[in-house]
Every structure is written in C-alpha cells, then in structure tokens.
Amino acid sequence: MKRREALQRLGFGVLAGTLTNIACSGESHRAEAAQNSPSSNFEPDVDLTLTAEAAEAAILPGRPTQVWRFTGTVVKGPPDTLQAIADSYLGPTIRVRKGNNVRIRFRNRLPGESTIVHWHGLDVPEAADGHPRFAIEPGSEYVYEFTVLNRAGTYWYHPHPHQRTGAQVYRGLAGMFIVEDDEADAAGLPPSDSELLCVLQDRRFDVANQLVYLDAAGAMMDQMHGFLGNQVLVNGRKSPQFDLATRAYRVRILNGSSARVYKLAWSDDTPMTVIGTHGGLLERPVQKQYLTLAPAQRADVILDLSRQQVGHRFELRSVQYPIGDVDRAGMGMGAMGGMRGRGGMGGVAQEAVPNGAPLSLMRLNVARQEASTFTLPQKLSTFATPAGAATLPVRRVEIGFEAGEFRLGGRTFEMMATAPEEVVPAGSSQVWELVNVSGMMGMPMAHPIHLHGKQFRVLGRAQTAGAAAQSIREGIVDDGWTDTVLVLPGETVRIQAYFTDYPGLYLYHCHILEHEDMGMMRNFRIT
Ligand code: C2O
Ligand code: CU
Ligand code: CU
C-alpha cells in the first residue's frame with residue numbers, strides 16, 4: 001500500500017490501480033480515493049448540497065410517517081436544477097445538462113447510520129460512484145465532483161452503504177436525476193413543463209402509519225424473496241390523481257421498489273409508447289400493450305392526450321401476471337400470508353401483496369381543454385448498434401443461490417475483492433452471458449442485474465419455457481442503452497458490456513435490494 005500511495009501522490013493513478021486486485025482493508029482504500037472537500041481545480045457549472053436526514057411525511061390519512069429523506073440547495077447553477085416533488089418524501093429531482101461539471105456536497109445527517117450516495121446509471125469517476133467502502137459517518141460530508149458524460153435520460157440516485165441499501169431506500173432515500181442534451185431537445189418531444197414524474201415504490205405500514213420493513217416474524221422470507229409491500233406509492237403518495245390537459249405528456253417512470261416487478265398498462269387500453277429507457281432515448285418509439293419494469297428500471301413514455309375528450313378518466317395499472325415460473329417463492333409467500341398475522345401494532349396483519357397481483361397505481365383525469373397537436377417523432381435518436389460482438393471476450397456469469405448464499409459468478413460480495421475475471425481494461429467491451437440458475441428449494445426467481453459505470457446493450461435472450469416467463473417477457477423493452485436487465489428463471493441473457501474509461505473499483509449486483517444487501521453483488525476493477 002505504501003508503494004501504491006506513493007505512486008498516486010505522483011499522479012500515477014492508473015498504474016497504481018493495476019497493482020492491487022487483491023482484498024485489502026477498506027480503510028486504506030478509502031483514504032486513497034474518497035473525497036471529503038471540494039477540489040480547487042474543478043470548476044463546477046452546478047454546485048449543490050444534498051442532505052440525508054430524518055423527517056416526517058403525510059402519506060396515509062392520519063398520523064404522519066417517520067421517513068428519511070434527501071433535501072438539497074443550489075449553491076451555483078440554474079435555480080431549477082433542484083425540483084422538489086410536492087407532498088413527497090422523495091428527494092429533489094436533479095436536472096442537469098450533458099457536459100455539466102457537477103459538484104454535490106453530500107451531508108449525512110441520519111440518526112446513527114453511515115451512508116453514501118450512488119448516481120444510478122451515470123458514468124462517473126470511482127470516487128463519485130458511491131461504493132459502500134466510501135460510506136461516511138453521521139455528521140460527515142462527502143464531496144462528489146464529476147462531468148455528466150451520459151446522454152439525456154432518466155437516471156436516479158439512492159444510498160449504497162454496505163448491507164443497508166434496502167433499509168435506507170425503503171425509508172425514503174431516493175430521487176430522480178434527469179439529464180438533458182441537445183439531441184433530446186431537438187427530438188420533437190413534449191417540453192419539460194409537460195412531464196409527469198412517476199416513482200413507483202411499494203411499502204407496508206403498521207396501524208400507527210409507520211413503515212414496516214424486515215420485522216422479526218417474516219424477515220427471513222422477506223429477504224429471500226425480496227421485500228414486497230401491500231401499498232404501492234407513486235411519488236410517495238397513495239393512488240394520486242393527476243388533472244391533465246388535452247396535450248401530449250412525457251411520463252418518466254422509475255421503479256424504485258425493492259423487489260416488485262410491474263407489468264404496466266393504461267386502463268383505457270391505449271398502448272404504452274416507449275421513447276426511452278435507462279440510458280436515454282431509443283432510436284425510434286416502441287409501442288407495447290404492456291411495459292415490464294423491474295426494480296431500478298426506468299422508462300420514458302409518451303401519453304398523447306391531444307385528441308382526448310375532457311372528462312376522460314383512466315388509470316396507470318400493473319396488470320396481473322402469473323408468477324409460477326418467475327417467482328414461485330413470492331407466490332408461496334402470498335398464499336401463506338393469510339395464515340400469518342404479523343407486523344402491525346395491535347396484531348393487525350401487514351402482509352405482502354405478491355408479485356404479479358393486479359394494482360391500480362395512479363389516476364389520470366383529462367380536466368382541461370387546450371389547443372395542441374402532437375405528432376410522435378418516428379426517429380428519436382441515433383447511436384451505434386453493437387458490432388463485432390463475435391470477437392469479444394465472453395464471460396459467463398451465473399446468477400445463483402448456493403449454500404445459503406445469493407451469488408454472482410459463484411461468489412458473494414467482499415468489500416475490496418475482485419476475481420481475475422473481474423479485472424477489465426478501461427474503455428473495453430465484453431459479452432457477458434447472465435445465466436439465471438438460481439433456485440432455492442426448487443423455487444426459481446427473476447433477478448434484475450445492474451452494472452455500474454457505462455450503460456450496456458442487450459444482445460439477446462435465450463427462451464425459457466413457461467407461460468409466466470412469457471407473460472413478463474412480452475412487456476420487456478431491450479432496445480437502447482440499459483443499466484439493469486431482468487433475467488428470468490432459467491434464462492440466459494447476453495449483454496454487451498462497455499466498461500468505463502475511469503480506473504477503479506465498480507459494482508455489479510442484483511437490484512432486488514435485499515439480495516444486494518445479502519451479498520448478491522461483486523466488484524469489477526477497471527485497470
Ligand atoms: Cu441502483 Cu449499485 O445501484
Ligand atoms: Cu448503479
Ligand atoms: Cu436477486
């Protein structure tokens with residue numbers, strides 16, 4: 001470590017990075033890359049503070065709910081860089097432009113917990129990526145500095161501390177991170193004042209309106225299958241209603257849930273018109289009757305009401321889907337639910353609503369007539385489709401459950417460790433075959449697999465048999481740039497991964513947050 005630190009002081013960051021791919025203590029690494037004060041040679045276009053703290057939110061009628069939330073201030077930059085979501089525990093929406101230099105001074109004011117923030121989907125330097133080894137104590141500050149390299153799109157931010165990500169996101173720590181750029185401005189899409197943000201999160205409450213997470217009685221099962229709530233909140237509210245005008249809207253939808261997979265549809269049978277996914281605009285719009293969104297996934301959808309009648313009412317729903325071969329475990333839990341009273345004060349049962357159950361999410365009401373027309377652009381964006389995948393190195397990554405552990409590539413998370421096949425050159429590309437072999441007690445599950453750093457492309461899916469997988473698959477949009485891909489039971493998904501140009505230690509993991517916290521996560525080291 002002495003030699004490594006000496007090299008870094010001399011500015012040989014990249015070279016130093018290649019010297020260790022062995023496990024070593026978090027402290028020494030932390031000292032090497034963590035950032036606790038603004039750097040003098042970084043000229044921010046946007047300078048923000050972001051604080052994580054305890055707060056109260058009015059979610060259900062009656063008593064307020066104790067939550068944790070992000071709040072922020074703009075130190076420098078356009079005042080609308082931060083936009084609070086009304087009546088919500090969610091953090092402010094951060095809006096920046098591609099190319100901006102962004103500084104965020106993050107303060108941990110949580111009662112008694114370490115934390116660190118990750119910018120999900122953004123390609124940022126190692127020190128700005130929110131690896132759990134950078135978690136800071138309550139009362140401390142962490143300074144993020146990065147240039148926005150990503151395309152315009154819908155990203156998000158959330159905590160990423162070791163084994164506490166699920167609990168902290170669940171308490172309310174999450175927000176949207178929107179990037180804009182010239183290409184998207186010119187695409188002929190509804191302007192930013194015609195946008196609806198829609199963050200889907202399921203929660204359980206006790207009779208005193210307080211959040212129930214991994215309580216003693218059901219914690220094991222909830223961790224194994226991923227935590228499912230019994231109420232779905234949209235932007236932190238239960239079944240909100242939006243009064244809209246007769247014009248076209250852009251709906252940015254984020255699945256910010258721990259483990260729920262939504263199969264989204266408009267209740268009036270209008271198809272879902274998807275224009276963008278995790279890494280920004282698609283090349284052309286995709287129309288689907290259903291849109292599948294797994295945890296951490298986003299979609300930008302056009303809702304064209306320009307020819308609608310005032311008075312038309314409809315809903316955004318998650319439609320019923322069979323989970324037999326998607327998450328038999330979850331279904332088992334749902335079936336068992338009726339027999340198990342737990343969670344609530346006064347013995348009121350707070351049971352999970354199983355994955356695949358039909359849900360009404362939000363209500364939409366065409367309330368105002370406006371003279372507006374909208375034509376859906378047929379060409380949204382141009383980007384290179386992956387070529388030459390046949391000549392790239394191929395890595396098989398098994399998604400498994402063995403010896404009581406959730407594993408990726410046969411291993412569980414270790415803070416600093418990388419296996420030889422987890423060391424990759426900066427800026428290189430590989431084909432990863434994500435093979436879902438997980439099955440516990442004969443109960444296979446779907447896992448949403450996320451890579452930090454650059455967005456990747458889905459090359460293909462090998463079919464899995466079964467009506468359940470088929471039902472989920474018909475809503476999946478694999479086009480475009482992706483950072484989180486749902487791998488169904490027994491399925492092999494081939495992706496072309498592109499590694500960031502920044503050297504350092506990055507993560508890949510299952511985005512069922514309880515799986516991540518249990519170690520279904522690994523590092524890869526960019527050299
Ligand atoms: Cu959205 Cu590593 O996480
Ligand atoms: Cu991420
Ligand atoms: Cu998982």
Side-chain angles (χ1 to χ4, degrees), residues 42-48 72 74-83 92-104 119-125 128 144-157 175-198 247-254 273-286 297-304 306 372-387 427 453-457 477 479-483 498 500-502:
F42 183 87
E43 192 45 56
D45 302 301
V46 166
D47 194 341
L48 309 172
V74 179
V75 179
K76 179 186 174 192
D80 61 355
T81 301
L82 293 182
Q83 290 166 340
T93 300
I94 302 176
R95 238 175 225 273
V96 297
R97 290 194 71 84
K98 183 177 179 176
N100 279 175
N101 284 339
V102 176
R103 173 184 291 148
I104 301 171
W119 318 98
H120 181 120
L122 296 188
D123 180 11
V124 296
Y144 295 86
E145 289 174 340
F146 57 88
T147 302
V148 179
L149 303 178
N150 285 69
R151 308 171 67 224
T154 306
Y155 306 91
W156 66 300
Y157 62 98
M176 278 202 178
F177 194 111
I178 293 174
V179 176
E180 290 170 343
D181 68 11
D182 296 345
E183 185 191 42
D185 287 352
L189 296 168
S192 57
D193 66 349
S194 299
E195 282 186 9
L196 295 179
L197 305 184
C198 169
R247 60 166 113 136
Y249 289 86
R250 174 180 185 155
V251 190
R252 299 182 187 259
I253 310 173
L254 158 66
T273 302
V274 182
I275 54 162
T277 54
H278 321 158
L281 293 176
L282 303 175
E283 290 184 281
R284 52 192 61 82
V286 170
Q297 294 189 320
R298 290 87 65 206
D300 285 16
V301 168
I302 293 290
L303 179 60
D304 183 4
S306 62
S372 76
T373 56
F374 177 74
T375 314
L376 181 68
Q378 287 312 302
K379 180 82 189 147
L380 296 166
S381 152
T382 311
F383 49 79
T385 37
K454 277 198 172 127
Q455 302 274 324
F456 58 83
R457 299 295 302 277
V477 178
D479 317 46
W481 293 95
T482 294
D483 57 46
Y498 295 82
T500 177
D501 297 322
Y502 296 115

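Note: hydrogens, waters and symmetry copies are ignored here, and every other heavy atom, side chains too, is used. Residues: numbered from 1 along the sequence shown.
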Could you check whether any side-chain N or O of Q83 sits under 3.5 Å from a backbone N or O of T81, counting only pairs where one atom can act as donor and the other as acceptor? no
Carefully, step by step, assess E195 and R95 under the rule salt bridge (charged side-chain N to carboxylate O under 4.0 Å, His left out). CA-CA 13 Å; E195 282 186 9; R95 238 175 225 273; 2.5 Å; yes
Please check this pair: side chain of D47 against backbone of P44, looking for a donor-acceptor N/O pair closer than 3.5 Å. no
Is there side-chain contact between I178 and T93, with heavy atoms separated by less than 4.5 Å? yes
Residues K98 and D185 bridged, charged N to O under 4.0 Å: no
Smallest heavy-atom separation, D181 atom then A152 atom, equals OD2-N, 3.1 Å
Can you name the nearest heavy-atom pair linking L281 to A187, along with the distance? CD1-CB, 4.1 Å
List the steps and the verdict of side-chain contact (heavy atoms from CB on, under 4.5 Å) for I302 and L376. CA-CA 8 Å; I302 293 290; L376 181 68; 4.0 Å; yes
Do the non-hydrogen side-chain atoms of H120 and Y155 ever get within less than 4.5 Å of each other? no
Distance, nearest 0.5 Å, that separates CG of L254 from CH2 of W156: 5.5 Å
Under 3.5 Å, is there a donor-acceptor pair linking the side chains of T154 and R252? yes
Least distance between heavy atoms, G72 atom then L82 atom: C-CD1, 3.4 Å
Quick one: does N100's side chain have a donor or acceptor within less than 3.5 Å of a partner on V102's backbone? no
Note, L196 side chain near R250 side chain (heavy atom, < 4.5 Å): no
Between F177 and V96, does the side-chain contact (heavy atoms from CB on, under 4.5 Å) criterion hold? Intermediate values first, please. CA-CA 8 Å; F177 194 111; V96 297; 3.5 Å; yes
When every non-hydrogen atom of V179 is compared with those of N150, the smallest separation belongs to CG1-O, 3.7 Å
Hey, does the side chain of T500 reach the backbone of Y502 with a donor-acceptor pair shorter than 3.5 angstrom? yes
Do K454 and D501 make a side-chain contact, defined as non-hydrogen atoms from C-beta onward lying under 4.5 Å apart? yes
Before you tell me yes or no, could you show the steps for N101 and V46 under side-chain contact (heavy atoms from CB on, under 4.5 Å), namely the whole-Å CA-CA distance, both residues' side-chain angles and the distance that decides it to 0.1 Å? CA-CA 6 Å; N101 284 339; V46 166; over 6 Å; no
So, do W119 and Y157 have ring centers that fall under 6.0 Å from each other? yes
So CD of Q455 and NE2 of H278: to nearest 0.5 Å the spacing works out to 8.0 Å
Just to verify, which of D45, D182, D80 counts as forming a salt bridge (charged side-chain N to carboxylate O under 4.0 Å, His left out) with R97? D182
Beyond-backbone contact of T482 with R457, side-chain heavy atoms, under 4.5 angstrom: no
In terms of side-chain heavy atoms, does R151 have a donor or acceptor partner in S381 at a distance below 3.5 Å? yes
Does L380 reach the side chain of L189, with side-chain heavy atoms less than 4.5 Å apart? yes
Does any N or O in the side chain of E283 come within less than 3.5 Å of the main-chain N or O of A384, such that one atom is a donor and the other an acceptor? no
No-hydrogen, no-angle side-chain donor-acceptor test under 3.5 Å, R247 and S194: yes
N/O donor-acceptor pair under 3.5 Å between E145 side chain and F42 backbone: no
Is the shortest side-chain N to carboxylate O distance from R298 to D483 below 4.0 Å? yes
What pair of heavy atoms forms the shortest contact from T277 to D479, and how long is it? OG1-O, 3.7 Å
Do R103 and E43 meet the salt-bridge criterion of a basic N to acidic O distance under 4.0 Å? no
Can you name the nearest heavy-atom pair linking A248 to P190, along with the distance? O-CB, 3.6 Å
Please walk me through it: do S306 and T373 pass side-chain contact (heavy atoms from CB on, under 4.5 Å)? CA-CA 6 Å; S306 62; T373 56; 5.7 Å; no
